[in-house]
Number of protein chains: 2
Amino acid sequence: MTSFLPRRREDSRLREAAWVARCVGDPQTTPLTEEDLTALASYLQPLEFERGAPVFRADEQPTGVWIVRSGMIELAAGRGRRKIVVQMLYTGSVDGDIELILGMPLPYSARAIETTRCLFLASESFEALMREHPTVARRWLSSVAARVARGQQRVMGLLGRSLVEQATRLLLDDQIDERVLLPQRTLAAMLGVQRPSLNKVLKDLEKRGLITLGYGRIEINDAKGLEALAR
Amino acid sequence: MTSFLPRRREDSRLREAAWVARCVGDPQTTPLTEEDLTALASYLQPLEFERGAPVFRADEQPTGVWIVRSGMIELAAGRGRRKIVVQMLYTGSVDGDIELILGMPLPYSARAIETTRCLFLASESFEALMREHPTVARRWLSSVAARVARGQQRVMGLLGRSLVEQATRLLLDDQIDERVLLPQRTLAAMLGVQRPSLNKVLKDLEKRGLITLGYGRIEINDAKGLEALAR
DNA sequence: GGAAGGATGTCATCTCGCTGACATTCTAGT
DNA sequence: ACTAGAATGTCAGCGAGATGACATCCTTCC
């Protein structure tokens with residue numbers, strides 16, 4: 001967990017802040033002022049996590065907000081066979097703010113599954129930002145709203161669906177550039193299903209030419225074909 | 001869909017506004033000013049829905065925000081056997097704001113399953129409120145955050161769990177005063193399972209003395225016993 | 001009071017996904 | 001290059017839910 005931003009210039013911090021602003025909420029509805037950006041920039045703190053390193057543990061109070069700059073973080077609850085992957089964080093994902101706002105402990109653990117760079121907003125910084133910069137708070141609202149919508153989408157994609165439907169939906173939702181760079185074990189945990197069950201489905205999809213399976217990676221060959229299976 | 005508030009006094013509107021304020025977000029962290037409340041009061045519009053009446057339809061753009069004053073609303077997607085109940089709205093629930101904020105169509109239909117009174121915030125009113133009253137927007141943020149947390153909780157309660165675990169968790173979560181006033185058909189749709197499957201589980205719970213089944217109602221006799229089964 | 005529409009209770013059959021186990025293949029790190 | 005650890009591929013047996021069907025019971029509304 002070390003600093004990766006050379007503090008050579010204010011400039012670089014501002015660029016990071018502008019990037020965060022693009023990740024949080026919609027620029028259209030609520031543009032941020034120059035002053036909002038500099039405030040955000042002054043609070044942001046770069047962090048780096050090695051592959052496998054824990055970002056935070058379940059049941060702790062969050063110490064701030066994490067924004068993923070690059071890499072991947074796994075949010076998981078439960079142990080061993082009953083482990084569930086609540087969500088994966090990719091570049092641009094934000095986490096920790098919900099629990100901070102609600103004053104509740106984190107309901108899951110987070111660990112980097114590859115080298116991951118984050119921007120970190122300490123809890124006092126986040127609270128100050130929300131208190132003193134209403135437009136930032138307003139903008140944050142749309143970011144959180146998007147997460148509610150995504151959660152509902154997730155529930156609808158899970159309930160009453162066969163494993164084939166669930167799996168294809170998952171591949172389409174978590175694909176980045178036609179690729180899913182996760183082991184089948186993790187994908188199974190995202191659906192709350194056993195690995196052999198998922199493997200059988202994936203093998204079948206591969207036989208139909210829709211995807212190609214690799215070691216810790218899946219290539220999507222026919223997104224439209226998958227879409228048809230996902231309903 | 002008619003007005004139920006006699007417009008005898010500003011007073012009554014203010015009371016409604018204060019009530020809404022209690023429903024949305026945490027009074028501790030962000031107290032509202034007198035002026036915020038009067039603005040909210042001036043925008044609120046009472047509506048009444050008869051049992052069975054549609055509140056809105058899926059794929060439409062929301063016309064505003066609904067806040068349930070009394071009664072019950074079912075949010076559902078899909079038809080016939082594949083119908084899924086995304087969520088139930090009870091007294092104090094808020095809906096429509098997420099989609100309004102994101103400018104997206106409603107992903108589910110809503111219908112009153114008993115006579116239901118709502119307070120309605122037309123979209124222009126909601127947007128004006130968010131724009132001109134930062135403390136209200138800040139407060140709304142915590143309300144939306146709570147819904148993210150609830151959604152995550154829901155996903156964790158569904159993934160990789162047996163039907164017994166899912167059902168007991170559902171009963172505990174949707175109980176009001178030790179009662180669940182919903183037909184088994186609806187409860188099954190909330191879990192995405194078939195009614196006979198759920199009935200078998202419920203009958204078993206009844207045999208163990210944990211609950212009592214009625215016509216369109218379930219009484220919880222032993223909440224602690226259920227909690228133990230839900231993990 | 002009676003009829004219609006819901007809701008519950010139950011069952012036999014079938015399917016899908018779980019379970020545990022084991023072999024094989026790939027990758028990272030020494 | 002080699003080794004340990006991790007990931008994939010596969011299988012037989014088992015069990016939980018799905019399915020479709022039907023009888024009965026409760027409410028609501030004429």
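So that the names make sense, note that chain A is the first sequence line, chain B the second, and so on, each numbered from 1. Any value given below was found using the heavy atoms of this structure, including those in side chains, with hydrogens, waters and symmetry copies removed. These numbers were taken from a predicted model, which means no experiment stands behind them.
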Inset, instruction - Could you tell me the separation between the CZ atom of B:Arg195 and the C1' atom of C:dG6, rounded to a whole number of Å? - result: 10 Å
Legend entry - Integer-rounded Å distance: C:dA7 C1' and B:Gln184 CD: 8 Å
Inset, instruction - For A:Val201 and A:Val164, work out which heavy atoms get closest and say how close. - result: CG1-CA, 4.0 Å
Legend entry - Atom pair distance, as rounded to whole Å: CG in A:Leu213 and P in D:dT8: 8 Å
Legend entry - Spacing of CD belonging to A:Glu206 relative to CG belonging to A:Asn199, to within rounding of 0.5 Å: 9.5 Å
Legend entry - Candidates C:dG9, D:dA7, C:dA21 - which lies nearest the side chain of A:Pro183: D:dA7
Inset, instruction - Answer yes or no: does a side-chain N or O of B:Gln194 lie under 4.0 Å from OP1 or OP2 of D:dT19? - result: yes
Inset, instruction - Could you grab the distance from atom CD1 of A:Ile67 to atom CD of A:Gln45, nearest 0.5 Å is fine? - result: 11.0 Å
Inset, instruction - Rounded to the nearest 0.5 Å, what's the gap from CZ on B:Arg195 to CZ on B:Arg185? Could you check? - result: 7.5 Å
Inset, instruction - Look at the side-chain N and O atoms of A:Asn199 and state whether any lies under 4.0 Å from the OP1 or OP2 oxygen of D:dT8. - result: no
Inset, instruction - Would you indicate which nucleotide in D:dT19, C:dA21, D:dG9 comes nearest to any side-chain atom of B:Arg81? - result: D:dT19
Inset, instruction - Can you figure out which of C:dG17, C:dG20, D:dG20 approaches the side chain of A:Leu163 most closely? - result: C:dG17
Legend entry - Residue closer to the 5' end of DNA chain C, B:Glu206 versus A:Val193 (nearest nucleotide): B:Glu206
Legend entry - Listed nucleotide nearest any side-chain atom of B:Ser162, set D:dG17, D:dT19, D:dA7: D:dG17
Legend entry - Euclidean distance, atom CD of residue A:Glu114 to atom P of D:dA6 [Å, nearest integer]: 17 Å
Legend entry - Approximate separation, where rounding is to 0.5 Å, of A:Phe56 CZ and A:Leu75 CG: 5.5 Å
Legend entry - Separation of B:Met190 CE from B:Leu158 CG (nearest 0.5 Å): 10.0 Å
Legend entry - Whole-Å distance separating the NZ atom of A:Lys200 from the P atom of D:dT10: 12 Å
Legend entry - Nearest-neighbour nucleotide for the B:Arg185 side chain, C:dA7, D:dG9, C:dG17 considered: C:dA7
Inset, instruction - Round to a whole Å and report the spacing from CG of A:Leu182 to P of C:dT27. - result: 16 Å
Legend entry - B:Pro196 side-chain proximity, nearest of D:dA18, C:dC11, C:dA21: C:dC11
Legend entry - Where protein sits on nucleotides 25-30 of chain D, one letter per nucleotide: B base, S sugar-phosphate only, - none, heavy atoms under 4.0 Å: -B----
Would you give me the side-chain donor-acceptor pairs under 3.5 Å for residues 79-107 of chain A, sequence neighbours excluded?
residue	atom	partner	partner atom	Å
A:Lys83	NZ	A:Glu74	OE1	3.1
A:Tyr90	OH	A:Asp174	OD2	2.7
A:Ser93	OG	A:Tyr90	N	3.0
A:Ser93	OG	A:Tyr90	O	3.0
A:Asp95	OD1	A:Tyr108	OH	3.0
A:Asp95	OD2	A:Tyr108	OH	3.3
A:Asp97	OD1	A:Arg147	NH1	2.8
A:Asp97	OD2	A:Trp140	NE1	2.7
A:Asp97	OD2	A:Arg147	NH1	3.3
A:Asp97	OD2	A:Arg147	NH2	2.6
A:Glu99	OE2	A:Tyr108	OH	3.4

Inset, instruction - Using atom CG of A:Leu198 as one end and atom C1' of D:dA7 as the other, report the distance to the nearest whole Å. - result: 13 Å
Legend entry - d(CD1, B:Ile218; C1', C:dA7) in whole Å: 12 Å
